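The chains referred to below are lettered A, B, ... by the order of the sequence lines, with proteins before strands, and numbering in each begins at 1. Remember, it's a predicted structure, so these values are computed and weren't measured experimentally.
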Number of protein chains: 2
Amino acid sequence: MREMVKAFKALSDETRLRMLNVLMERECCVCEVMQALEISQARASRNLRALYDAGFLKLRHDGLWSLYSIDKEGLKEYSVDMIEAVRKALEGNETALLDRQRLKSAERMGPSCARRPSA
Amino acid sequence: MREMVKAFKALSDETRLRMLNVLMERECCVCEVMQALEISQARASRNLRALYDAGFLKLRHDGLWSLYSIDKEGLKEYSVDMIEAVRKALEGNETALLDRQRLKSAERMGPSCARRPSA
DNA sequence: TTCCTACATGCGTAATTACGTATTTAGTCT
DNA sequence: AGACTAAATACGTAATTACGCATGTAGGAA
């Protein structure tokens with residue numbers, strides 16, 4: 001769950017989407033991304049790391065360089081069917097289970113909102 | 001592009017993911033969601049609206065009630081293959097095109113980072 | 001009309017996020 | 001060793017986001 005929030009948060013930024021776009025071309029070092037997007041080095045480094053932490057990028061080191069590339073498996077995790085992905089991310093989650101439970105019991109108990117129009 | 005950022009932003013919040021989880025059960029009015037998640041009315045209303053604005057929910061009004069339900073088509077837009085979804089979201093985008101161009105021309109011109117290790 | 005309910009929203013505040021600048025860390029070379 | 005380069009990060013700041021509280025809006029019933 002926390003994982004999924006982090007993943008979506010990583011994708012909800014224009015700079016990082018542009019980075020994915022560039023990395024689709026090929027594996028890049030930080031300064032290539034920085035030049036391609038015309039952003040500062042610190043900004044490139046930080047945003048690449050965010051994508052990496054969220055599981056969307058692979059990282060390998062070659063001497064002085066940090067080489068980032070797309071982790072297709074990481075991206076695909078949320079690809080097949082987002083509805084199912086959300087459900088899966090929440091189904092082991094205690095809070096989410098309670099949410100559903102409370103929704104269902106509300107059907108029987110008729111709380112303050114019992115007069116809800118029938119679906 | 002702005003659309004996609006907004007969509008991911010809407011999904012990058014625990015409250016809203018829990019809402020999707022509950023709405024998978026069935027269409028709900030605001031106060032049902034509010035009760036299921038045990039959150040305030042204002043919070044429920046605002047976060048449902050955020051999901052709606054991002055294109056993930058459908059909304060119909062029945063008298064006094066606002067009934068939200070999952071818009072499966074909206075969710076599926078980002079479902080088939082997220083890699084392709086990102087690419088599509090960016091391919092008409094001028095900035096993104098420039099990003100790619102700069103990346104490619106860097107190969108030829110050998111800027112300050114010309115000594116990048118071969119891929 | 002008046003009252004009640006369901007929902008939306010304006011406002012202020014606290015928390016989070018993004019970024020630039022400057023610095024640090026670490027690999028490479030002489 | 002010292003110089004140079006790629007990348008990471010600490011710090012301060014501005015912008016954004018999420019929320020509670022209070023209020024506003026509108027449908028329905030009396």
Side-chain angles (χ1 to χ4, degrees), chain A residues 2 5-19 22-23 27-54 57-69 106 110-119, chain B residues 2 5-19 22-23 27-54 57-69 106 110-119:
Chain A
R2 264 274 168 284
V5 170
K6 197 210 283 180
F8 285 128
K9 201 157 286 189
L11 294 174
S12 63
D13 177 274
E14 180 166 346
T15 300
R16 290 191 287 272
L17 288 183
R18 286 170 63 201
M19 283 175 160
V22 159
L23 288 168
E27 179 184 55
C28 293
C29 62
V30 176
C31 79
E32 283 179 307
V33 173
M34 152 193 141
Q35 287 170 38
L37 305 200
E38 290 183 325
I39 57 179
S40 75
Q41 182 269 321
R43 188 171 166 188
S45 175
R46 269 189 305 240
N47 282 293
L48 283 168
R49 177 143 302 266
L51 284 170
Y52 174 79
D53 288 341
L57 298 185
K58 280 189 284 192
L59 168 59
R60 76 185 172 92
H61 292 281
D62 184 342
L64 211 43
W65 291 271
S66 292
L67 295 161
Y68 289 94
S69 58
S112 71
C113 187
R115 302 184 322 198
R116 165 189 115 80
S118 51
Chain B
R2 263 277 168 283
V5 170
K6 197 211 282 181
F8 285 128
K9 203 158 284 189
L11 294 173
S12 63
D13 177 275
E14 180 166 350
T15 300
R16 290 191 288 273
L17 288 182
R18 286 170 63 202
M19 284 176 159
V22 159
L23 288 168
E27 181 184 53
C28 293
C29 62
V30 176
C31 80
E32 284 179 307
V33 173
M34 155 192 138
Q35 287 170 37
L37 305 200
E38 291 183 322
I39 57 179
S40 76
Q41 183 268 320
R43 188 172 166 187
S45 175
R46 270 191 299 245
N47 281 294
L48 283 168
R49 176 142 301 265
L51 285 170
Y52 174 79
D53 289 340
L57 298 184
K58 279 189 286 194
L59 167 60
R60 74 184 174 93
H61 292 282
D62 184 342
L64 210 43
W65 291 270
S66 293
L67 295 162
Y68 288 95
S69 58
S112 72
C113 186
R115 301 184 324 201
R116 161 188 117 79
S118 51

Taken to the nearest whole Å, OH/B:Y52 to C1'/C:dC7 is 15 Å

5'-most contact on DNA chain C (nearest-nucleotide basis), A:S12 vs B:S66, goes to B:S66

- request: Mark yes or no for whether B:E32, through its side chain, and B:C29, through its backbone, hold a donor-acceptor pair below 3.5 Å.
  value: yes

Here the residues of residues 39-48 of chain A within 4.0 Å heavy-atom distance, strictly under, of DNA chain D are A:Q41, A:A42, A:S45, A:R46

Heavy-atom nearest pair, B:A36 first then B:V22, reads CB-CG2, 4.2 Å

Shortest non-hydrogen pair, A:E14 vs B:V5, comes out as N-CG2, 3.9 Å

With 3.5 Å as the limit, what N/O pairs link the protein to nucleotides 14-17 of chain C?
from	atom 1	to	atom 2	distance (Å)
C:dT17	OP1	A:K9	NZ	3.2

- prompt: So, is B:T15 close to the D:dA18 phosphate, meaning a side-chain N or O under 4.0 Å from OP1 or OP2?
  reply: no

The reported gap from CE in A:M34 to SG in A:C28 (rounded to nearest 0.5 angstrom) is 12.5 Å

Taken to the nearest whole Å, CZ/B:R60 to C1'/D:dG27 is 16 Å

Those residues at least two apart in sequence (or on a different chain) that pass side chain to side chain contact (heavy atoms under 4.5 Å, CB included) with B:D13 are B:T15, B:R16, B:N47

When every non-hydrogen atom of A:A50 is compared with those of A:A10, the smallest separation belongs to O-CB, 4.1 Å

From CG of A:L67 across to P of D:dT5 the rounded distance in Å is 19 Å

Closest non-hydrogen contact found for A:F8 with B:L17 is CE1-CD2, 4.3 Å

Whole-Å distance, A:D53 CG to D:dA7 P, equals 17 Å

Under a 4.0 Å heavy-atom criterion, the protein footprint on nucleotides 24-30 of chain C, written with B, S and -, is --BBS--

Scanning both residues in full, the closest heavy-atom pair of B:S12 with A:K9 reads CB-N, 3.2 Å

Residues A:M19 and A:R43: closest non-hydrogen pair is CE-O, 4.3 Å

One should read off an interatomic distance between A:L57 CG and A:L51 CG, to the nearest 0.5 angstrom, of 5.0 Å

Taken to the nearest whole Å, CG/A:L51 to C1'/D:dA7 is 16 Å

note: A:R49, atom CZ; D:dA10, atom C1'; distance rounded to Å ~ 15 Å

Across all chains, not counting sequence neighbours, the side chain to side chain contact (heavy atoms under 4.5 Å, CB included) partners of A:S66 are A:V30, A:L59, A:H61, A:Y68

A:M34 atom CE is separated from D:dT9 atom P, nearest whole Å, by 17 Å

Under 4.0 Å from OP1 or OP2 of D:dA6: is there any side-chain N or O of A:Y68 that close? no

